[in-house]
Protein chains: 2
Amino acid sequence: MSDGTPPAAPGGETLLFLTDEQLRKGIEAMFFAYRGFTADPDRILAEHGYGRAHHRAIHFIHRSHGTTVNNLLSILGVTKQSLNRVLRTLIADGLVESRVGTRDKRERHLFLTEAGAALERELSDAQRERMRLAYRTAGPEAVSGFRQVLEAMMDPDMRRHYRAAREK
Amino acid sequence: MSDGTPPAAPGGETLLFLTDEQLRKGIEAMFFAYRGFTADPDRILAEHGYGRAHHRAIHFIHRSHGTTVNNLLSILGVTKQSLNRVLRTLIADGLVESRVGTRDKRERHLFLTEAGAALERELSDAQRERMRLAYRTAGPEAVSGFRQVLEAMMDPDMRRHYRAAREK
DNA sequence: CACTTTATGTCAGCCTTGTTGACATTCCAA
DNA sequence: TTGGAATGTCAACAAGGCTGACATAAAGTG
């Protein structure tokens, strides 16, 4: 274990000296913050009889109208069986519509229905509100740093998906 | 949906104008980053036949040697039955030791054994390494912002637990 | 055209990890 | 002495991961 005293910076290069304690703080920050991050949607989902898996599907279908099942699979990183179970209920409940592809008829393109979009709004309003408050509390510079660290923490494949969304 | 053009700041107060798109980016950053955050420990845990629930228990027992079951419950936010199932296997496997309290004999104080500490080290080494790289990539100012936003995102109870750990 | 590959869906079964409810034990504290 | 707190345990259930196997339709390829 480190003793918490960073050594003096050598040479001309500015390095980050990070004690195990500082890193542990970051790890716990991720853990506790993620709980807060999911708390509001979880409550809403429970009222509707859905879980986080449904939220994830709804979110990314909303983000990319008409996305295919395969694309969703690579974003979510679950098996098709897991995703299919969730999609099946969302389609049966009339929140998601699945249309056979025009060019490639093997593909199914996924869309939120009116009801699906309404739930999406309810969920993302709550989550955005939490995010907005956190941003305001921390300030604009903190927000930039927050995004930078998170992006650096992603696996490359996920970073690709993250950046692939319509920008800004 | 917002068009991404923030309105001019009114009056003398500096506000943060956050479009829905910017907030959505933050939300997805949390989602994708958390996946990266857990990826390395998940691999290690799988090799040992454990899951994330075991990791969480091991982490917080390590952080607070001799903590009680009740304290752990309030940190983890699960039912005692869930936690107990995990603790039982960890104790049976000789990674955690449970000692009856001296003052209050109802309480059990939890400690990592040598083997438990070894697994904790393996897990946290991997997770710290990911965190260290992200920090170095993003830079010191980003790290500060990262921590500020995450702390602001926590539920108050969790923020209390977060801050309660030995500081620095 | 025959064959292979791709995209998707589905069934069955298993595991982890969460839940609720019920009940027992121990023991502190009023 | 009695109520309630702290803990453990049993049973049952659900969500949501997983693997494996199999089916179908459509696209691509030689």
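Comparing atom distances between the A:Arg106 side chain and each of C:dT6, C:dC27, C:dT17 picks out C:dT6 as nearest. Side chain of B:Thr79, nearest nucleotide from D:dT7, C:dT19, D:dA27: C:dT19. The side chain of A:Asn70 lies closest to C:dA7 when the candidates are C:dA7, C:dT17, D:dG8. Considering only the side chain of B:Ser82, C:dG18 comes nearest among C:dG18, D:dG17, C:dT8. Taking only side-chain atoms of A:Asp104, from C-beta outward, the nucleotide of C:dC28, D:dA27, D:dG16 with the closest atom is D:dA27.
Scanning residues 84-97 of chain A for heavy-atom distances under 4.0 Å to DNA chain D yields A:Arg85.
Using a 4.0 Å cut-off, no side-chain N or O of B:Arg56 falls inside it from OP1 or OP2 of C:dT16. OP1 or OP2 of C:dT17 lies within a sub-4.0 Å distance of a side-chain N or O belonging to B:His54.
Taking the side chain as every heavy atom from C-beta outward, B:Arg128 and A:Ile27 approach each other to under 4.5 Å.
The CG atom of A:Leu73 sits 15 Å away from the C1' atom of D:dT19 (whole-angstrom rounding). If you take CG of A:Leu110 and P of C:dA7, they are 14 Å apart, rounded to a whole angstrom. The CG atom of B:Leu72 sits 10 Å away from the P atom of D:dT7 (whole-angstrom rounding). Rounding to whole angstrom units, CZ of residue A:Arg108 and C1' of D:dA27 are separated by 14 Å. For the pair B:Lys105 NZ and D:dG8 C1', the interatomic distance rounds to 18 Å; values are reported in whole Å. Here the P atom of nucleotide C:dT19 and the CG atom of A:Asp42 are 11 Å apart, to the nearest Å. Atom-to-atom, OH of B:Tyr50 to P of D:dG17 comes out at 24 Å; the value is rounded to the nearest Å. At whole-Å resolution of the value, CZ in A:Arg99 and P in D:dA26 are 19 Å apart.
B:Tyr135 and B:Arg130 are not linked by any side-chain donor-acceptor pair at a separation below 3.5 angstrom, with hydrogens and angles left out of the test. With no hydrogens or angles considered, no side-chain donor-acceptor pair links A:Ser124 and A:His59 at under 3.5 Å. Side chains of B:Asp93 and B:Thr89: no donor on one and acceptor on the other come within 3.5 Å.
A:Gly77 comes within 4.0 angstrom of the backbone, heavy atoms only, and of no base.
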From CA spacing to verdict: side chain to side chain contact (heavy atoms under 4.5 Å, CB included), B:His48, B:Glu122
CA-CA 11 Å; B:His48 294 257; B:Glu122 193 181 351; 3.3 Å; yes
Assess whether side chain to side chain contact (heavy atoms under 4.5 Å, CB included) is satisfied between A:His109 and A:Thr68, documenting all intermediate values.
CA-CA 5 Å; A:His109 298 274; A:Thr68 63; 3.8 Å; yes
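A donor and an acceptor atom never sit less than 3.5 Å apart when one is taken from the side chain of A:Gln81 and the other from the base of C:dG13. A donor N or O paired with an acceptor N or O is found under 3.5 Å between the base of D:dT7 and the side-chain atoms of B:Lys80.
Among B:Phe60, B:Tyr34, B:Phe37, the one residue that satisfies the ring pair (Phe, Tyr, Trp, His ring centres under 6.0 Å) test with A:Phe31 is B:Phe60.
Each of B:Thr68 and A:Leu83 was matched to the nucleotide of DNA chain D holding its nearest heavy atom; the match closer to the 5' end belongs to B:Thr68. Along DNA chain D, the nucleotide nearest to A:Gly49 and the one nearest to A:Arg103 differ in position, and the one closer to the 5' end is contacted by A:Gly49.
Looking only at distances, no side-chain donor or acceptor of A:Ser82 sits under 3.5 Å from a matching main-chain atom of A:Thr79.
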